[in-house]
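Have a look at the structure below, then the notes.
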Amino acid sequence: NVEPRSVPVFPWHSLVPFLAPTQSD
Amino acid sequence: APSAPPPTSSTVVPPSLPPYFIKGSIIQLADGELKRVEDLKTEDFIQSAEISSELKIDSSTVERIEGSHTSPNFAVVQFSVGEHRAQVSVEVLVEYPFFVFGQGWSSCCPDRTTQLLELPCTKLSVGDVCISLTLKNLR
C-alpha cells in the first residue's frame, strides 16, 4: 500500500510532455 | 544560401531530471488513485485525461532522434503530434523517459535512465508512439 503522508505526491500530468503544436493557419 | 530550420515548434525540457521519474515516486491519477511511477499503465494516462476537463492525450510518433548540438548529454527528438501530424521537436537529456503506448517508459539511453532513476526503461526508437498532452480547446 502507498502511504501518501510521508512522501511527495505528483500529479499524473507532470509525467507527460506537453506537446502543443503551433497551428499556422 | 543556407536554409532556415523547418517551421517546427520547439520545446526545451529543463536540463534536469524531475524527481517524479525516480523509481518509487508516488503519482496521483485524475481520479485520486495513487500509483508508483514504475507501475503506471497506458490506461492510467488515458483514463486520467478523460476525466480532465482541460487536458487531452495525443499520440506523438517519434520521427527522428539525433544528438543535440548543445551537449552530448542531450538528444533532440522530433515527434509527429496528433491527427494533424504537427512536427514538434524537443531537446531532452538522453535519459529523459517518455511513455510509449502499450509499452511503458522509454528513453534515448535506457541504461542511463535505469542507472540514474532506477526506472525500468526500454530504448526509444523511431516509430514509437508516445503519450503527450495538449489542451482540449486548442485548435
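Keep in mind that this is a model prediction, so the values were computed, not measured. Here is how names work: the chains are called A, B, and so on, in the same order as the sequence lines, proteins then strands, and each is numbered from 1.
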> Non-hydrogen atoms of chain A under 4.5 Å away: do they reach the side chain of B:Ser60, the backbone, both or neither?
Replying inline: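 The answer is the side chain of B:Ser60.
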
> Given a strict heavy-atom distance threshold of 4.5 Å, which part of B:Leu55 is in contact with chain A: side chain, backbone, both, or neither?
Replying inline: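 For B:Leu55, the side chain is the part near chain A, not the backbone.
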
> Between B:Glu91 and B:Ser68, does a side-chain hydrogen bond (donor to acceptor under 3.5 Å, both in side chains) hold up when you go through it step by step?
Replying inline: CA-CA 7 Å; B:Glu91 185 172 15; B:Ser68 169; 2.3 Å; yes

> Going by the ring pair (Phe, Tyr, Trp, His ring centres under 6.0 Å) test, which pairs reach into residues 32-57 of chain B, not counting sequence neighbours?
Replying inline: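 Ring pair (Phe, Tyr, Trp, His ring centres under 6.0 Å) check on residues 32-57 of chain B returns B:Phe45-B:Phe99.
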
> Is it true that B:Glu118 and B:Lys23 have a side-chain N and a carboxylate O under 4.0 angstrom from each other?
Replying inline: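 Looking at B:Glu118 and B:Lys23, the cut-off is not met.
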
>> Quick check for you: among B:Gly24, B:Ala49, B:Cys130, which has the greatest number of heavy-atom pairs under 4.5 Å with chain A?
In response: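 Heavy-atom pairs under 4.5 Å are most numerous for B:Ala49.
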
>> Once ring-ring contact (aromatic ring centres under 6.0 Å, His included) is applied, do any residues pair with B:Phe21, and if so which ones, sequence neighbours excluded?
In response: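 For B:Phe21, the residues satisfying ring-ring contact (aromatic ring centres under 6.0 Å, His included) (neighbours in sequence not counted) are B:Tyr96, B:Trp105.
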
